[in-house]
2 protein chains.
Amino acid sequence: MDIAATDTPEQTTLHEQIVERLRAVLLDGELGYGAKIPEAELCLRFGVSRTPLREALKVLAAEGFVELRPNRGAIVAPVDPDDVAHLFEFKGAIEHRIGLLAAVRATAADQARLEECHALLRTHPEPSAYTALNQDFHRALAAATHNPVLVQTYDNLQKRVLRLRFVVNVNPVRVAQSFDEHEAIMVAFRARARLDLAERLEAHNRLTGEAVLRALAGSAVPG
Amino acid sequence: MDIAATDTPEQTTLHEQIVERLRAVLLDGELGYGAKIPEAELCLRFGVSRTPLREALKVLAAEGFVELRPNRGAIVAPVDPDDVAHLFEFKGAIEHRIGLLAAVRATAADQARLEECHALLRTHPEPSAYTALNQDFHRALAAATHNPVLVQTYDNLQKRVLRLRFVVNVNPVRVAQSFDEHEAIMVAFRARARLDLAERLEAHNRLTGEAVLRALAGSAVPG
DNA sequence: CGGATCATTTTTGCATGCAAAATCGAACCC
DNA sequence: GGGTTCGATTTTGCATGCAAAAATGATCCG
């Protein structure tokens, strides 16, 4: 009985698929912040009954993407500038540690992957590509810590930040500046200069956070 | 109509209660690591149907307390020493940042609360009280950062560590040593010495983690 | 004409029902 | 006797049903 075929059975249940699809919908900004999430409508859309959809909503609430109001349904988590500031501040702490650890632990494969991500950002300077490539770059750095617990939390924070890109409307000036910061990050990384890498990563995060908060202050939060 | 009565409506739905009760069961170590979580049995016990219980399981899985195996039910998250090491390592990063932030932001009330927690640990040196009081102490420090995002993640990590106390069986020697570390932490805190506080907190976490890992290596992981 | 009140509709939360998968056990074969 | 295979039982996953709560909006009163 197929000894080798034991790999990636990874049977995925319905509610699990719904979690991913719904999270994608939320990250795509299709629903405005604070918008009501109508169970019935999404059931139609996904072609499932309410049970797995509700289970998925619970998970997404635990992840911070939706807010559950007893007897009043779920809404897309609203964007509160205070919260966003705290989000970036906390992420800064993790970025810093990613620097400390990645500088020491990154393997050749990790470095190759990171160089690849960085190169893609260089060859695709257009803001439209920025979001995805930038995320890949930072995910590659996080992966180089080889700490799954850190990676998972970092990934969640990254996604919660990603959600904001529709308020802030990626700024070309900031994108260019961000690339320069990445360059410096790569220099520190290649030299395996832990403290330098850590500080540059945290500073990069702080600058991004400040840009987001400024944009947030400018635009009345929709939703 | 009762203008003042708007406070703490906080209506809590059934599945939410189940999340808390079930998490308490898991933290109380009633079920062994890796043990099967029988839906039917828990439904009887909590007096609810399977729907809210299953919703609760999804949340607890997202929080890292249970593991969901498609078509095979839920189990108490097994204890993998590697994972535990990563958990402590990551928590160390947060402890460090708690030190940096709390030293600067703690209010008089925060400090009073912290002193209170510390005093309780002094007056209750018995290992049986240690776990709860120690957790309060560190929670108070986390709260002094005034960063809810950090606090929530920290709280989750703390609880995931708490789960391990049944493998490691709180060691009196370590409890005494831990108190000394707390003393040093308090000294740094009172002086608002950020770096010192941060380093002491991280070291304290590392020492605790090492003790847990040693105990873990000694006892074959039950469950 | 503005605002409150109440009936109607809609939506939410939970219980139950049913089909598919997994588990268990007994019979069976080598 | 050890191991396998097949059927019965249990358990899981999802759909549906039903009661309670909220949202809607029409009516009434000032």
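Chain A is the first sequence line, chain B the second, and so forth, proteins listed ahead of strands; every chain is numbered from 1.
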(request) In whole angstrom, give the distance that lies between atom CG of B:Leu57 and atom C1' of D:dT11. (result) 13 Å
(request) Output yes when at least one side-chain N/O atom of A:Lys36 is less than 4.0 Å from OP1 or OP2 of C:dT12, else no. (result) yes
(request) Return the 5'-most residue of the pair B:Arg69, A:Glu39 with respect to DNA chain C, ranking by each residue's nearest nucleotide. (result) A:Glu39
(request) Can you tell me the distance, in whole Å, between the CD1 atom of A:Ile37 and the P atom of C:dT10? (result) 21 Å
(request) Report the nucleotide, chosen from D:dA15, C:dA22, C:dA15, that has the shortest atom-to-atom distance to any side-chain atom of B:Asn71. (result) C:dA22
(request) Verify the distance criterion only: is there a donor paired with an acceptor across the side chains of A:Asp110 and A:Thr107 at less than 3.5 Å? (result) yes
(request) Looking at every strand, decide which applies to B:Thr51 at a 4.0 Å heavy-atom threshold: base, sugar-phosphate, or nothing. (result) base
(message) Using whole Å, what does the distance between atom P of nucleotide D:dA15 and atom CZ of A:Phe46 come to?
(response) 13 Å
(message) Using only atom types and a distance under 3.5 Å, with no angle test, would you say the side chain of A:Asp155 pairs donor to acceptor with the backbone of A:Arg139?
(response) no
(request) When you get a sec, tell me which of D:dC14, C:dG13, C:dC14 is the closest nucleotide to the side chain of B:Arg50? (result) D:dC14
(request) Calculate the interatomic distance between A:Ile18 atom CD1 and D:dG13 atom P; express it in whole Å. (result) 15 Å
(message) For a quick check under 3.5 Å, do B:His146 and A:His86 share a side-chain donor-acceptor pair by atom type?
(response) no
(request) Answer yes or no: does a side-chain N or O of A:Lys58 lie under 4.0 Å from OP1 or OP2 of C:dT12? (result) no
(message) Measure CD/B:Gln17 against P/C:dG13 and give the value in whole Å, please.
(response) 13 Å
(request) Could you check how far CD of B:Glu55 sits from C1' of C:dC14, rounded to whole Å? (result) 8 Å
(message) Testing the basics here: between B:Lys36 and B:Leu31, what is the closest heavy-atom pair and its distance to 0.1 Å?
(response) O-CD2, 4.0 Å
(request) Return the 5'-most residue of the pair A:Thr13, A:Arg72 with respect to DNA chain D, ranking by each residue's nearest nucleotide. (result) A:Thr13
(request) Ignoring the backbone of B:Arg54, work out which of D:dG13, C:dT12, D:dC14 is nearest its side chain. (result) D:dG13
(request) Taking only the side-chain nitrogens and oxygens of B:His15, find out if one of them lies under 4.0 Å from OP1 or OP2 of C:dG13. (result) no
(request) For this output row, return yes or no: ring centroids of A:His96 and B:His96 closer than 6.0 angstrom. (result) no
(request) Please state how far atom CG in B:Leu42 lies from atom P in D:dT12, giving the value in whole angstrom units. (result) 10 Å
(request) Would you mind reading off the distance between A:Leu68 atom CG and C:dC14 atom P, rounded to a whole angstrom? (result) 11 Å
